[in-house]
Amino acid sequence: MIENDALTQSDFIREIVDNDLKTGKRDRVATRFPPEPNGYLHIGHAKSVCLNFGLARQYKGTCNLRMDDTDPAGESMEFVGSIQDDVRWLGFDWEDRLFFASDYFEKLCQFAIDLIKAGKAYVCSLSADQIRAYRGTLTEPGKNSPYRDRPIEENLDLFSRMRSGEFQDGAHVLRAKIDMASPNVTMRDPVIYRIKRSGHYRMGNDWVIYPMYDFAHCLSDSIEGITHSICTLEFENNRPLYDWFVNELIEGPKPRQVEFARLNVSYTILSKRRLIELVENKLVNGWDDPRMPTVAGMRRRGYTASSIREFCSRIGVAKNDNLVDIALLEHCVREDLNESAPRAMAVLHPLKVIIDNYPEGRAEDMECANHPQKPEMGTRKVPFSNTIYIEKDDFMEDPPRKYKRLGPGREIRLRNSYVIRFSSMVKDAVTGEIRELHCTYDPDTRNAAPQDGRKVDGVIHWVSAAHAVPAMVRLYDRLFKVADPAGTEGDMTDLLNPESLEVINAAYVEPGLAQATPGQKYQFERLGYFCCDLKDSLPGKPVFNRIVTLRDSWAKIAGK
RNA sequence: UGGGGUGUCGUCAAGCGGUAAGACUCAGGCCUUUGGAGCCUGCAUUCGGAGGUUCGAAUCCUCCCGCCCCAGCCA
């Protein structure tokens, strides 16, 4: 079912894996995708999911799904559930290997005791501020904590009492004894356990001490027999620490950390902190708002899993800082939907057209192809009558030269129907706004060229006024108005695109769409791809989300 | 001014000493009952800069410059 994947792809990570296999350093590949369940997955996570699960598939290995839940603040089952939904929806399967770092708390605690016994860890009773001060700066070495040389027995006793809840939050921490003068700040006696009485979404109040990422992650990898621990570049500084813990505590084959550049996409933001902000400040309508770069948001918008996979495959994997053009994502979506989405007609901004020489009360069923290049997708019948709606944009009172649509004296083809000619227009006496158009049709042109051989260039879509179904249509656009919001100064709120959502309450769709199934995707001809909303659409009262517009070469000409 | 990483077309990204892939974007053209789709064409004499090694360098060496990450009891 995964058609477009990485089976033939290559990148520096695959080269490393190839080499580890070839030299016999490893005889299998085991990866893991380790999100912290404190938010929803976004397109950046999707890149990591595709990489980790893709590697496993390519090398016939395994990829575990592991919740990296070592800091209870902000973690919840809701997020655990959404993460599973999203990974599964993206097309990947962790089989029976769903793990939780929190399930390793007991083992991790034993590892910490091993470290203390080896004289490589100590309980430090400095305050958070003091620890910071003792750490030194980027250019100056740190100073040893006065508690650094506590006897092993005392450390053991204190750590055990930390665990049993004898001390207040923050009273003590357990630290690795490495090197306060290391030029790499992460090696300056990092904290590995802290006291936190917040309660854990899974473990309840079983624990009051929690391991830090640097300690828990590498050991979780080791426990699971991970061979290649793939993470993003900002953890490169932490690799010596990763290796230090593993070397001190693990025998036999050790996991190898490999870092790649995290994804950035133009006109959006991928920092989890910022996304949480958007949701909590109600700047968007939840994690699955179709404008969000979250997997849930993209799914709701109507993006397909395969187009997201294709995107992840096309952007590659490297170590350069990057800002991938969102146009590439949109391209992947169009490319996929062009193949699979049945066509339909919908009028977003209706302008009434009366065809004066067409018998009133008469209706004809027009046979329409569901896909112009794919006859196997069949046809459908769309009713036509003397009063139709066309798009306001498709008429201009004083059109420019290159405009190929309706105007005074002009003739155009109605898609899947007749050729009509403009006769007159009716304007509002007060506002001057065009109220309706009167046209005549050429009866010989039903799905046929005019008999006299005259050329009709323009084609516009329409819907029969008496038969069309009113629908709500939501037009989504990029969330931010600047290409690189993350790299732009100022309040994020000021950078939001005020036109990222336009709701049309009174659009008209062809009758067949009244019963559209939520999640079904269509191409509304000449407009774009639309998805019947998963949550809000009702039979007879359909709601459609615009997934992405069609490429619009007229907009380019008109914009010049 | 410490340490780690990284600089190849507008944006991603191949390239691994033998003379700059591909994709997206963009610009033209063909075709078309979607100004859609499709098809064709064009788009880095040059690889952050300067030196050097070599018959030959984006690839090796030296120096310089830019950008990113690290001083959470976050991950």
Side-chain angles (χ1 to χ4, degrees), chain A residues 10-11 15 34-36 38 68-71 73-74 124 126-128 131-133 135-142 169-175 182-188 190-196 209-210 212-214 216-217 231-240 259 261 263 266 272-273 311 314-332 334-335 338-339 343 345 369 371-373 402-405 412-417 419 445 447-449 456-461 483 523-528 549-558:
Chain A
S10 188
D11 53 60
E15 279 176 21
E36 184 186 14
N38 66 348
D68 213 348
D69 53 359
T70 56
D71 177 8
C124 181
L126 254 22
S127 70
I131 287 181
R132 188 178 316 118
R135 188 150 33 221
T137 69
L138 295 179
T139 51
E140 296 161 318
D169 288 12
H172 307 280
V173 293
L174 184 68
R175 293 227 255 170
S182 172
N184 181 345
V185 185
T186 68
M187 297 296 271
R188 320 238 261 228
V191 171
I192 59 184
Y193 264 95
R194 74 284 212 185
I195 304 172
K196 248 190 191 188
I209 57 170
Y210 293 95
M212 298 288 289
Y213 166 85
D214 286 306
H217 197 86
C231 64
T232 46
L233 235 36
E234 61 270 29
F235 292 103
E236 202 147 22
N237 293 318
N238 303 44
R239 192 168 70 220
E259 311 85 6
L263 171 66
S266 63
K272 204 185 257 186
R273 206 199 108 237
F311 172 75
R314 290 209 202 184
I315 57 178
V317 179
K319 299 184 73 164
N320 304 329
D321 285 334
N322 59 77
L323 182 62
V324 176
D325 194 340
I326 196 168
L328 179 58
L329 213 207
E330 294 172 344
H331 167 82
C332 292
R334 287 191 190 103
E335 182 180 60
N338 178 49
E339 291 297 312
R343 314 286 120 135
M345 289 196 286
H371 189 120
Q373 277 78 41
K402 290 183 172 174
Y403 188 79
K404 298 202 304 194
R405 313 176 194 177
I412 45 91
R413 155 80 58 189
L414 290 178
R415 177 74 168 153
N416 296 312
S417 179
V419 169
T445 55
N447 288 320
V456 178
D457 216 14
V459 180
I460 66 174
H461 58 93
Q523 184 198 97
F524 289 172
E525 291 199 72
R526 304 210 309 133
L527 296 175
T549 60
L550 255 26
R551 289 189 67 219
D552 187 352
S553 50
W554 167 243
K556 276 175 195 165
I557 297 168

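Both backbone and side-chain heavy atoms feed into the values below; hydrogens, waters and symmetry mates do not. Order of the sequence lines fixes the chain letters, A, B, ..., with proteins taken first and strands second; residue numbering starts at 1 for each chain.
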Q. Would you call A:Lys319 and A:Glu236 a side-chain contact if the rule is heavy atoms closer than 4.5 Å?
A.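 Contact flag for A:Lys319/A:Glu236 side chains = yes.
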- Message: Do A:Arg314 and A:His331 have side chains that approach each other closer than 4.5 Å (heavy atoms only, starting at C-beta)?
- Response: yes
Identify whether any heavy atom of [X] sits under 4.0 Å from a base atom; if not, whether one sits that close to sugar-phosphate; answer base, sugar-phosphate or nothing.
| X | result |
| --- | --- |
| A:Met345 | nothing |
| A:Ala216 | nothing |
| A:Ile315 | sugar-phosphate |
| A:Phe235 | base |
| A:Ser182 | nothing |
| A:Tyr193 | nothing |
| A:Ile131 | base |
| A:Asn238 | base |
| A:Arg334 | nothing |

Check ion pair A:Asp457-A:Arg413 (N to O, under 4.0 angstrom):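 No salt bridge links A:Asp457 with A:Arg413.
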Does [X] contact [N] through a side-chain donor or acceptor facing the base, at a distance under 3.5 Å?
| X | N | value |
| --- | --- | --- |
| A:Asn237 | B:rG3 | yes |
| A:Glu15 | B:rC16 | yes |
| A:Gln373 | B:rG36 | yes |
| A:Arg413 | B:rU33 | yes |

* B:rA23 P sits how many Å from A:Leu329 CG, rounded? ->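 Going from CG in A:Leu329 over to P in B:rA23 covers 19 Å.
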Subject >> B:rC16 to B:rG28 separation - C1' atoms, rounded to the nearest Å >> reply: 37 Å
- Interatomic distance at P, B:rC9 relative to B:rU54, whole Å: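 Between the two P atoms, the distance is 30 Å.
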The reported gap from CZ in A:Arg551 to CZ in A:Arg334 (rounded to nearest 0.5 angstrom) is 7.5 Å
Think [X] has a side-chain N or O under 4.0 angstrom from the OP1 or OP2 of [N]?
| X | N | result |
| --- | --- | --- |
| A:Lys319 | B:rC68 | no |
| A:Lys196 | B:rC74 | yes |
| A:Asn320 | B:rA13 | yes |
| A:Arg314 | B:rA14 | no |

Quiz prompt | Of A:Glu525 and A:Leu138, the one whose closest RNA chain B nucleotide lies more 5' | solution =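 Comparing both residues, the 5'-ward one is A:Leu138.
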Classified by glycosidic angle (syn within 90° of 0, else anti), B:rG22 comes out anti
